[in-house]
Protein chains: 2
Amino acid sequence: MPVSDLTNSAQDYLKLIWTATEWSATPITVTVLAERMGVRPSTVSDSIKKLKDQGLLTHAPYGTIELTPAGSAHAVDMVRRHRLLETFLVQVLGYGWDEVHDEAEVLEHAVSDTMIERIDQRLGHPTRDPHGDPIPSADGQPHRPGAIQLCHAEPEGEVTVVRISDADPAMLRYFSDIGLTPDVKLTIQKQRPYTDATTITLSGQQKNVDLGQAASNAVWVTNS
Amino acid sequence: MPVSDLTNSAQDYLKLIWTATEWSATPITVTVLAERMGVRPSTVSDSIKKLKDQGLLTHAPYGTIELTPAGSAHAVDMVRRHRLLETFLVQVLGYGWDEVHDEAEVLEHAVSDTMIERIDQRLGHPTRDPHGDPIPSADGQPHRPGAIQLCHAEPEGEVTVVRISDADPAMLRYFSDIGLTPDVKLTIQKQRPYTDATTITLSGQQKNVDLGQAASNAVWVTNS
DNA sequence: CATCCAAGTTCGGCAAGACTAACATTGAAG
DNA sequence: CTTCAATGTTAGTCTTGCCGAACTTGGATG
């Protein structure tokens, strides 16, 4: 069954479930899914049941939600589409990297497999999107090991930003404004485990910046 | 009300009604609309009623269907989207001019106004799409005067192809194969009013080609 | 000018995807 | 071990877009 046989909303659920476990191992819940999809939990319950009937995920009532290999394959396909489209919008149409998420969110359901292939070719088979997320190749792919969220990093000299979650456009705009983008190096000044604040300095700038909980959750770094 | 407030199917109806009168003056019927939309006539009746309630067209039962200025504006917007997208697919992603219709048909509902503007800019504000159809500028626009269908043209020396209807992908592929594309010059050898055949010679080629009814209906030419 | 048929319309129903309200389960705190 | 709030599920309803079946119209034909 090709991914295009699924409804847009089924594609969104699969992508969301897959993405939730890409960078952290905690399984996704109905409530979180409802928030991200912008629907009520009851709607999610219904939808999950249908996806289960199609063999795309496993789910016992009140239990955890997990993708089957088939569901995972569809999800990876959608993620690949999304990230290739984001890259395309930035490189070919001059979008800012903080503007592409919503556009790609819609386009990923509309473009044909053929168009995705042509975009991939045109871009020279890129491996990372504008936020630093890895672009799955036509099959599956492993995710970046060794990256941690900024809020969990130790204050120990310089780290490199490898990805910035594209979930919140307003936040992306803020990061863009202060020059915090993928591949940039920064120094963690203070890390206070039981408060919100992480203080950082971007390489080559004088000024310190305080990032709140949400912000320091959205930024992933590696040592070096 | 922006065009994006309409459902996809409403956008399709408006575009189809507008397009039907772009090159010929005969008003569109419910049956034709049903065929082009791939739905039953009863569905068209229902939909027309809704569009009428929204003030986008006028229609007395069993009467003709005509767009209001508001409906026409939305329709032109969709046509602009479609033709800009076709041009983009050909020029930027290397599609053949005979492959773009179906892709554009889907994308026109998915891309944002912003993306359309960026595409327009990127292409240098083109005025004709790959099939020779005029691309409406951001407001309305008049259509090409003086063009006639090949099947109505007199055999009188050389004419220039100005447009090829993009309704039938298989036919487009055929035209592409024999080198019959927009801007090409050709000579009409025979024109037999009460039969199917039109015989033409493409400039610079030896061979004559016979075009059937449907084919010679789809090609529009001007003298000179 | 009466008739009849193709074209158009109305009506009841169905599936998808959403909602609200009410009900069920789980597990954490006492 | 009990209780209860948060989380998840079920049931019933709405809207949209489609269908088939049955009905209405109006113009071409004799």
Side-chain angles (χ1 to χ4, degrees), chain A residues 1-17 20-21 24 26-67 71 74 78 105-106 108-110, chain B residues 1-17 20-21 26-67 71 74-75 78 105-106 108-110:
Chain A
M1 179 175 54
V3 72
S4 47
D5 288 350
L6 300 174
T7 63
N8 285 3
S9 97
Q11 292 171 0
D12 283 337
Y13 280 107
L14 296 176
K15 189 185 61 166
L16 232 42
I17 294 166
T21 55
S24 82
T26 40
I28 189 127
T29 66
V30 169
T31 307
V32 170
L33 227 29
E35 275 163 15
R36 303 247 174 105
M37 290 287 293
V39 301
R40 298 297 177 168
S42 58
T43 307
V44 173
S45 266
D46 286 350
S47 306
I48 290 295
K49 206 179 308 166
K50 282 174 200 157
L51 292 170
K52 187 187 160 192
D53 292 345
Q54 293 177 78
L56 298 170
L57 49 76
T58 59
H59 173 61
Y62 301 98
T64 58
I65 297 163
E66 281 186 0
L67 296 179
H74 287 312
M78 292 314 295
E105 198 69 29
V106 178
E108 66 191 13
H109 302 298
Chain B
M1 177 174 56
V3 73
S4 48
D5 288 351
L6 301 175
T7 63
N8 285 2
S9 96
Q11 292 171 1
D12 282 337
Y13 280 107
L14 296 176
K15 190 185 60 166
L16 231 43
I17 295 166
T21 54
T26 41
I28 190 130
T29 67
V30 168
T31 306
V32 170
L33 227 28
E35 274 163 17
R36 303 246 174 105
M37 290 288 292
V39 301
R40 298 298 176 164
S42 59
T43 307
V44 173
S45 266
D46 286 351
S47 306
I48 291 295
K49 206 180 307 167
K50 281 175 200 155
L51 291 170
K52 186 187 161 192
D53 292 345
Q54 293 175 80
L56 299 170
L57 48 77
T58 59
H59 173 59
Y62 303 97
T64 58
I65 298 164
E66 282 187 358
L67 297 178
H74 287 312
M78 292 313 296
E105 199 70 27
V106 179
E108 66 191 13
H109 301 297

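For the atom pair Lys52(B) NZ and Ile65(B) CD1, the distance stands at 11.5 Å (nearest 0.5 Å). In this structure, the separation between CG on Leu67(B) and CD1 on Ile28(B) is 10.0 Å, given to the nearest 0.5 Å. Distance check: Thr58(B) OG1 to Ile48(B) CD1 gives 10.0 Å after rounding to the nearest 0.5 Å.
In this structure, the CG atom of Leu6(A) is 13 Å from the P atom of dA16(C), given to the nearest Å. Taking atom CG of residue Asp46(B) and atom C1' of nucleotide dC14(C), one finds them 14 Å apart after rounding to whole Å. Atom NE2 of His59(B) and atom P of dG8(C) are 9 Å apart (whole Å). Protein atom CD1 of Ile48(B) is 11 Å distant from nucleotide atom P of dG8(C), rounded to whole Å. When rounded to the nearest whole Å, the span between CG of Asn8(A) and P of dA18(C) equals 10 Å. Atom NZ in Lys49(B) sits about 11 Å away from atom C1' in dG8(C), given to the nearest Å.
Residues satisfying the salt bridge (Lys or Arg N to Asp or Glu O under 4.0 Å) test with Glu105(A), not counting sequence neighbours, are Lys15(A). In this structure Ser47(A) satisfies the side-chain hydrogen bond (donor to acceptor under 3.5 Å, both in side chains) test together with Tyr13(A), sequence neighbours excluded. Not a single side-chain hydrogen bond (donor to acceptor under 3.5 Å, both in side chains) links Glu66(B) to another residue, sequence neighbours left out.
In this structure the side chain of Met37(A) reaches within 4.5 angstrom of the side chain of Leu16(A), judged on heavy atoms. Two residues are said to be in side-chain contact when any heavy atoms from C-beta on lie closer than 4.5 Å; Glu108(A) and Asp12(A) meet this criterion. Residues Leu56(B) and Leu6(B) form a side-chain contact, since some pair of their non-hydrogen atoms from C-beta on lies under 4.5 Å apart. Counting heavy atoms from C-beta on, the side chains of Gln11(B) and His109(B) come closer than 4.5 Å.
For Val30(B), the side-chain atoms get nearest to dG8(C) when compared with the rest of dC11(C), dG8(C), dC19(C).
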Between protein and nucleotides 20-23 of chain C, what N or O pairs are separated by less than 3.5 Å?
{"from": "dT20(C)", "atom 1": "OP2", "to": "Arg40(A)", "atom 2": "NE", "distance (Å)": "3.2"}
{"from": "dT20(C)", "atom 1": "O4", "to": "Ser42(A)", "atom 2": "OG", "distance (Å)": "2.9"}

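Applying the side chain to side chain donor-acceptor pair (under 3.5 Å) test to residues at least two apart or on different chains, the pairs with a partner in residues 26-36 of chain A are Ser24(A)-Thr26(A).
The rotation axes computed at either terminus of the helix from dC1(C)-dG30(D) to dG30(C)-dC1(D) lie 10° apart, taking five pairs at each end and rounding to 10 degrees.
In 5' to 3' order, the nucleotides of DNA chain D bounding all contacts with chain A (an atom under 4.0 Å from a heavy atom) are dT7(D) to dT10(D).
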